[in-house]
Peer 1: 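Can you read through this structure? Questions will come right after.
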Amino acid sequence: MRWRLSTRELLTARAAPRGGRGADTPDADDSEADAPDANDSEAAARGGGEALVDVAGRIVGVRRMGRTSFATLRDASGEIQLFLTDKVMGASAYSSALEVLDVGDLVSAGGQPFRTRSGEPSVRVERLRMAAKALRPLPDKWGGLQDPEARFRQRYLDILTNEDARRRFESRSAIVAALRAELDEHGFMEVETPTLQPVYGGGSATPFVTSYDALHRDYYLRIADELYLKRLLVAGYERVFEICKDFRNEGIDRTHCPEFTMLEAYQAFADLGGMRELVQALVAAAVTAVHGSTEATIGGRRVDFTPPWPRVAYREALLEHAGLDLETLGDAELAAAGRDRGLRVDAAWPRAKLLDTLMQHVVEPALTAPTLLERYPAETTPLAKRCEDDPRYVDRFEFFVDGMELGNAYTELNDPIDQRARLQAQASGREGSEAMPVDEDFLLALEHGMPPAGGLGLGVDRLVMVLTGAANIRDVILFPQLRDRS
RNA sequence: GGGCUGGUAGCUCAGUUGGCAGAGCAGCGGACUUUUAAUCCGAAGGCCGUGGGUUCGAGACCCACCCGGCCCA
């Protein structure tokens, strides 16, 4: 590695930096820099104003003209030009400042705001201080950082140089804030439940296992927080939610990441209808936070998130998109239909898995507009209440945008006896690796009485993908994990 | 796990039929008092992902492996 400065120069550069910017440091965007003379920009342009400004940020461009130079300074609010000249700074200060100044350096500068002949908002620098010397160069100023691997491994450079990446993570923050605000408005209380759990549950997934030394036993990183949030319904909190990381020790692909962010919300004495309203309100708030309206153009396509969204029953969807009626067809016929479509399915599979495979490959890709898929066959969903009008189905919906599942909601099962039976059936189920252990502590809580409730899970990463037009879930996760470079 | 595809200078990328390793930007030296991707002159900068193989000769061809990307499972 070739450093930018000799050791001696580096020591000089290091001698200068001190502290950060003052509390009254204006942002680098144009309006702020003009602020001292906001009412008289002509005076500012003439350099007649007395007020001095201090700015601080990263140098992203330098244009050396001899005894005068220009530098572009960027901070979180925008960019402003520094005008450096030996007339103002003094010949020796000017030349020594320019000697150590590089693109990438963090500096603070003070001087008079003005506009150049071409109208560029600038600061006529009187003092320039090195705040942090960049020993390595920034990626190419036009091309930015393109190598996808480097963009993941050095995300700070990606964000620093690629505008789309920077805006995407700002949008993510705005989305999460909007979700919180909307839940707050609906009277939900945010809680924190264990990340490390002695028994994992609330879903069907392979957990990460870790050792809890102080308790002398293995623990699991949560695959869901559902069973703890339900304990809080037993406790008497009627509207609770948590936004947290869940961990599933499974594959990585375009829409799956082992460490992902989930929003779960539970509302006592609500049913699926309540969840339907809630999820539409949440997504509408998120879309509005990013796009200013519930109708948005995402990736060149117009998507309307304005509630109410279309609702389609599971059976009807399968009929419409695959011509299959799950009420009349047996496992063998479903498997055959799957094979006809090139799917690798086996009639010996559990019916739920057959149905799920068909839905995933045939129906879900067609659900591009925001859609609520409802009335799931009971065998696919062991934790939901059955529909009152037809016990073959359960009160559940998933919702889809762009063919991608964004979330899931149930009318939650609150009968402790039924729940125990279903959990035990699941625990002794044929797919041992995916079956979850029975959480006796959770069942004990249920036996004390959990109010009937609606529950909602929303994949935050995927929502951000949809709203920011990201093709891959890693594009919305700041620091995705990669294999070691060997 | 399978198919396709990529890894060359700090960054973005060329590299022809197998024949001296290239450009732009960044960096370095110099000129330049209002630039906006400043301009101009000059000199540098390489484990061509790794390891084998073929060949007089490999960045290129063959094999294996490592790290990515896309698609499929």
Side-chain angles (χ1 to χ4, degrees), chain A residues 1-6 8-10 13 28 30 45-47 58-74 78-91 94-95 98-105 111-125 133-163 165 250-257 338-339 341-346 349 353 356-357 360-361 365 403 470-475 480-486:
Chain A
M1 175 65 204
R2 187 167 29 83
W3 302 106
R4 291 173 133 176
L5 296 173
S6 71
R8 191 167 151 273
E9 288 168 321
L10 186 57
D30 311 356
R46 288 193 305 271
R58 192 179 292 272
I59 299 292
V60 294
V62 180
R63 296 173 289 285
R64 297 164 196 267
M65 313 286 302
R67 290 160 67 190
T68 296
S69 294
F70 300 86
T72 305
L73 181 79
R74 188 160 87 198
E79 294 183 350
I80 192 167
Q81 178 168 264
L82 302 183
F83 175 76
L84 305 117
T85 170
D86 62 346
K87 264 189 189 163
V88 173
M89 298 178 72
Y94 173 77
S95 63
L98 278 166
E99 193 164 342
V100 294
L101 192 65
D102 279 308
V103 170
D105 289 348
Q112 204 159 51
F114 75 111
R115 284 179 187 273
T116 60
R117 283 175 203 162
S118 55
E120 180 81 12
S122 306
V123 174
R124 193 184 308 274
V125 174
K133 180 70 193 163
L135 296 182
R136 296 176 187 265
L138 247 32
D140 186 271
K141 64 179 152 185
W142 310 318
L145 189 65
Q146 296 301 323
D147 177 8
E149 186 176 351
R151 294 178 68 173
F152 294 148
R153 291 193 196 273
Q154 293 185 277
R155 181 68 91 184
Y156 47 94
L157 293 180
D158 183 28
I159 293 169
L160 203 50
T161 55
N162 295 324
E163 171 95 11
E250 295 168 357
I252 300 175
D253 65 26
R254 202 178 68 80
T255 57
H256 295 83
C257 183
R339 273 193 300 272
R341 289 169 171 77
L343 304 177
R344 235 184 52 193
V345 293
D346 189 332
W349 281 359
K353 190 170 175 182
D356 193 49
T357 303
Q360 257 180 40
H361 290 91
N472 193 301
I473 195 167
R474 286 183 177 183
D475 295 333
Q481 303 293 338
L482 301 181
R483 285 179 208 268
D484 286 348
R485 269 180 301 192
S486 59

Peer 1: Rounding to the closest angstrom, what is the interatomic distance between B/rC48 and B/rA23 at atom C1'?
Peer 2: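 Taking atom C1' in both B/rC48 and B/rA23, they lie 16 Å apart.
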Peer 1: Expressed as a whole number of angstroms, how long is the span from A/R58:CZ to B/rA26:P?
Peer 2: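 Answer to the nearest Å: 17 Å.
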Peer 1: Considering only the P atoms, how many Å lie between B/rC28 and B/rA38, rounded to the nearest integer?
Peer 2: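 My reading of the P atoms in B/rC28 and B/rA38 gives 15 Å.
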Peer 1: Could you give me the CA-CA distance, side-chain angles and deciding distance for A/I252 and A/Q481, then say whether side chain to side chain contact (heavy atoms under 4.5 Å, CB included) is met?
Peer 2: CA-CA 10 Å; A/I252 300 175; A/Q481 303 293 338; over 6 Å; no
Peer 1: Counting only N and O atoms by type, is there a donor-acceptor contact under 3.5 Å from the side chain of A/N162 to the main-chain atoms of A/A165?
Peer 2: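 Not confirmed, A/N162 side chain does not pair with A/A165 backbone.
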Peer 1: For the residue pair A/R254 and A/A471, what are the closest heavy atoms and their distance?
Peer 2: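 Heavy atoms only, the tightest pair is NH1-O, 2.7 Å.
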Peer 1: Can you list the residues that meet the salt bridge (charged side-chain N to carboxylate O under 4.0 Å, His left out) rule with A/R153, with sequence neighbours excluded?
Peer 2: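 Counting only residues at least two positions away or on another chain, A/R153 forms a salt bridge (charged side-chain N to carboxylate O under 4.0 Å, His left out) with A/E149.
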Peer 1: Mind checking the C1' distance from B/rU5 to B/rC40? Whole angstroms is fine.
Peer 2: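 To the nearest whole Å, 42 Å.
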Peer 1: In which stems does RNA chain B show up, taking only runs of three or more Watson-Crick or G-U wobble pairs whose two distances fall under 3.5 Å?
Peer 2: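 Detected stem regions: B:1-7 with B:66-72, B:10-13 with B:22-25, B:28-31 with B:39-42, B:49-53 with B:61-65.
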Peer 1: Give a yes/no answer on whether the side chain of A/K87 brings an N or O atom under 4.0 Å of OP1 or OP2 in B/rU33.
Peer 2: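 For B/rU33, OP1/OP2 do not have a side-chain N/O of A/K87 under 4.0 Å.
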Peer 1: Looking only at heavy atoms, what is the nearest atom pair of A/F152 and A/L482, with distance?
Peer 2: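 So the minimum-distance heavy-atom pair works out to CB-CD1, 3.8 Å.
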Peer 1: If we take the C1' atom in both B/rG59 and B/rG2, what is their distance in whole Å?
Peer 2: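 The same atom, C1', in both gives a distance of 28 Å.
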Peer 1: What is the separation between atom CZ on A/F83 and atom C1' on B/rU33, rounded to the nearest whole Å?
Peer 2: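 Going from A/F83 (CZ) to B/rU33 (C1'), I get 7 Å.
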Peer 1: Between A/N162 (CG) and B/rU12 (C1'), how many Å, whole number?
Peer 2: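 Distance, rounded to whole Å: 11 Å.
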Peer 1: Can you tell me which nucleotide in B/rC25, B/rG27, B/rU34 comes closest to the side chain of A/D140?
Peer 2: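 The answer is B/rC25.
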Peer 1: Round to the nearest Å and state the distance from A/L101 atom CG to B/rC28 atom P.
Peer 2: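 After rounding, the reported distance stands at 11 Å.
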Peer 1: With C1' as the reference atom in both, quote the distance from B/rC11 to B/rC63 in angstrom, rounded to an integer.
Peer 2: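 Pairwise C1' distance, B/rC11 against B/rC63, rounds to 33 Å.
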Peer 1: Report the C-alpha separation of A/Q112 and A/V88 in whole Å, then their side-chain angles, then the decisive distance to 0.1 Å, and conclude whether the side chain to side chain contact (heavy atoms under 4.5 Å, CB included) test is met.
Peer 2: CA-CA 10 Å; A/Q112 204 159 51; A/V88 173; over 6 Å; no
Peer 1: Does A/R155 have any salt bridge (charged side-chain N to carboxylate O under 4.0 Å, His left out) partners at least two apart in sequence or in another chain, and if so, which?
Peer 2: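 Listed in chain order: A/D158.
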Peer 1: Give the intermediate values and the outcome of side chain to side chain contact (heavy atoms under 4.5 Å, CB included) for residues A/I473 and A/T255.
Peer 2: CA-CA 5 Å; A/I473 195 167; A/T255 57; 5.6 Å; no
Peer 1: Between the protein and nucleotides 30-32 of chain B, list the N/O to N/O atom pairs that are separated by less than 3.5 angstrom.
Peer 2:
| from | atom 1 | to | atom 2 | distance (Å) |
| --- | --- | --- | --- | --- |
| B/rC32 | N3 | A/G66 | N | 3.2 |

Peer 1: Could you measure the distance from the CD atom of A/Q81 to the CZ atom of A/F70? Nearest 0.5 Å is fine.
Peer 2: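 The distance works out to 5.5 Å.
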Peer 1: Measuring only the P atom in each nucleotide, how far is B/rG45 from B/rU39? A whole number of Å is fine.
Peer 2: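 After rounding to an integer number of Å, I get 24 Å for this pair.
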Peer 1: Please classify the nucleic acid contact of A/E120 as base, sugar-phosphate, or nothing, using heavy-atom distances under 4.0 Å.
Peer 2: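 Base: the residue A/E120, judged by heavy atoms under 4.0 Å, touches a nucleobase.
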Peer 1: Considering only B/rC11, B/rU33, B/rA38, which nucleotide approaches the side chain of A/K141 most closely?
Peer 2: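 Closest nucleotide to the A/K141 side chain: B/rA38.
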Peer 1: I'd like the P distance from B/rG53 over to B/rU8, given in whole Å.
Peer 2: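 Those two atoms are separated by 24 Å.
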Peer 1: Using atom names, set out every protein N or O paired with an N or O of nucleotides 68-73 of chain B below 3.5 Å, distance rounded to 0.1 Å.
Peer 2:
| from | atom 1 | to | atom 2 | distance (Å) |
| --- | --- | --- | --- | --- |
| B/rG68 | OP1 | A/R483 | N | 2.3 |
| B/rG68 | OP1 | A/R483 | O | 3.4 |
| B/rG68 | OP2 | A/R483 | NE | 3.4 |
| B/rG68 | O4' | A/E149 | OE1 | 3.4 |
| B/rG69 | OP1 | A/R474 | NH1 | 2.3 |
| B/rC70 | OP1 | A/N472 | ND2 | 2.9 |
| B/rA73 | O2' | A/R344 | NH1 | 3.3 |

Peer 1: Any non-hydrogen side-chain atom of A/Q146 less than 4.5 Å from a side-chain atom of A/D140?
Peer 2: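 Not touching, per the 4.5 Å side-chain cut-off.
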Peer 1: Would you mind reading off the distance between A/Q154 atom CD and B/rU12 atom P, rounded to a whole angstrom?
Peer 2: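 Distance check: A/Q154 CD to B/rU12 P gives 10 Å.
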Peer 1: Please check: side-chain N/O of A/D105 versus main-chain N/O of A/K133, any donor-acceptor pairing under 3.5 Å?
Peer 2: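 It does not hold such a pair.
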Peer 1: For A/T85 and A/L145, find the nucleotide of RNA chain B closest to each by heavy atoms; which residue's nucleotide sits nearer the 5' end?
Peer 2: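 The residue mapped nearer the 5' terminus is A/L145.
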Peer 1: Any side-chain heavy-atom pair from A/T72 and A/R63 closer than 4.5 angstrom?
Peer 2: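 Sidechains of A/R63 and A/T72: in contact.
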Peer 1: Hey, could you give me the CE/CG distance between A/M65 and A/L98, rounded to the nearest 0.5 Å?
Peer 2: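 It is 12.0 Å, given to the nearest 0.5 Å.
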Peer 1: How would you label the contact of A/G144 with the nucleic acid (heavy atoms, under 4.0 Å): base, sugar-phosphate, or nothing?
Peer 2: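 Answer is sugar-phosphate: A/G144 comes under 4.0 Å of backbone atoms only.
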Peer 1: Out of B/rC13, B/rC28, B/rU34, which has the shortest distance to the side chain of A/Q146?
Peer 2: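 In terms of side-chain proximity for A/Q146, the closest of B/rC13, B/rC28, B/rU34 is B/rC13.
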Peer 1: Are OP1 or OP2 of B/rA38 and a side-chain N or O of A/R63 less than 4.0 angstrom apart?
Peer 2: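 So the side chain of A/R63 is within the cut-off, an N or O lying under 4.0 Å from OP1 or OP2 of B/rA38.
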Peer 1: For A/F70 and for A/V62, locate the closest nucleotide of RNA chain B by heavy-atom distance; then report the residue assigned to the nucleotide nearer the 5' terminus.
Peer 2: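 Final value for this comparison: A/F70.
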Peer 1: Report the distance from atom CD of A/Q81 to atom P of B/rA38, rounded to the nearest whole Å.
Peer 2: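 Between P of B/rA38 and CD of A/Q81: 10 Å.
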Peer 1: Please give the distance between the P atoms of B/rC4 and B/rA64 as a whole number of Å.
Peer 2: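 Roughly 12 Å separates the two P atoms.
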Peer 1: Could you give the CG-to-C1' distance, from A/L82 to B/rU35, as a whole number of Å?
Peer 2: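 Checked: the CG to C1' distance equals 13 Å.
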Peer 1: Can you sort out the partners of A/D86 under salt bridge (charged side-chain N to carboxylate O under 4.0 Å, His left out), two or more places apart, ordered by chain and number?
Peer 2: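 By the salt bridge (charged side-chain N to carboxylate O under 4.0 Å, His left out) rule, A/D86 matches A/R67.
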Peer 1: How long is the line joining CG of A/L98 and P of B/rG27, in whole Å?
Peer 2: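 Rounded to the whole Å, the gap is 12 Å.
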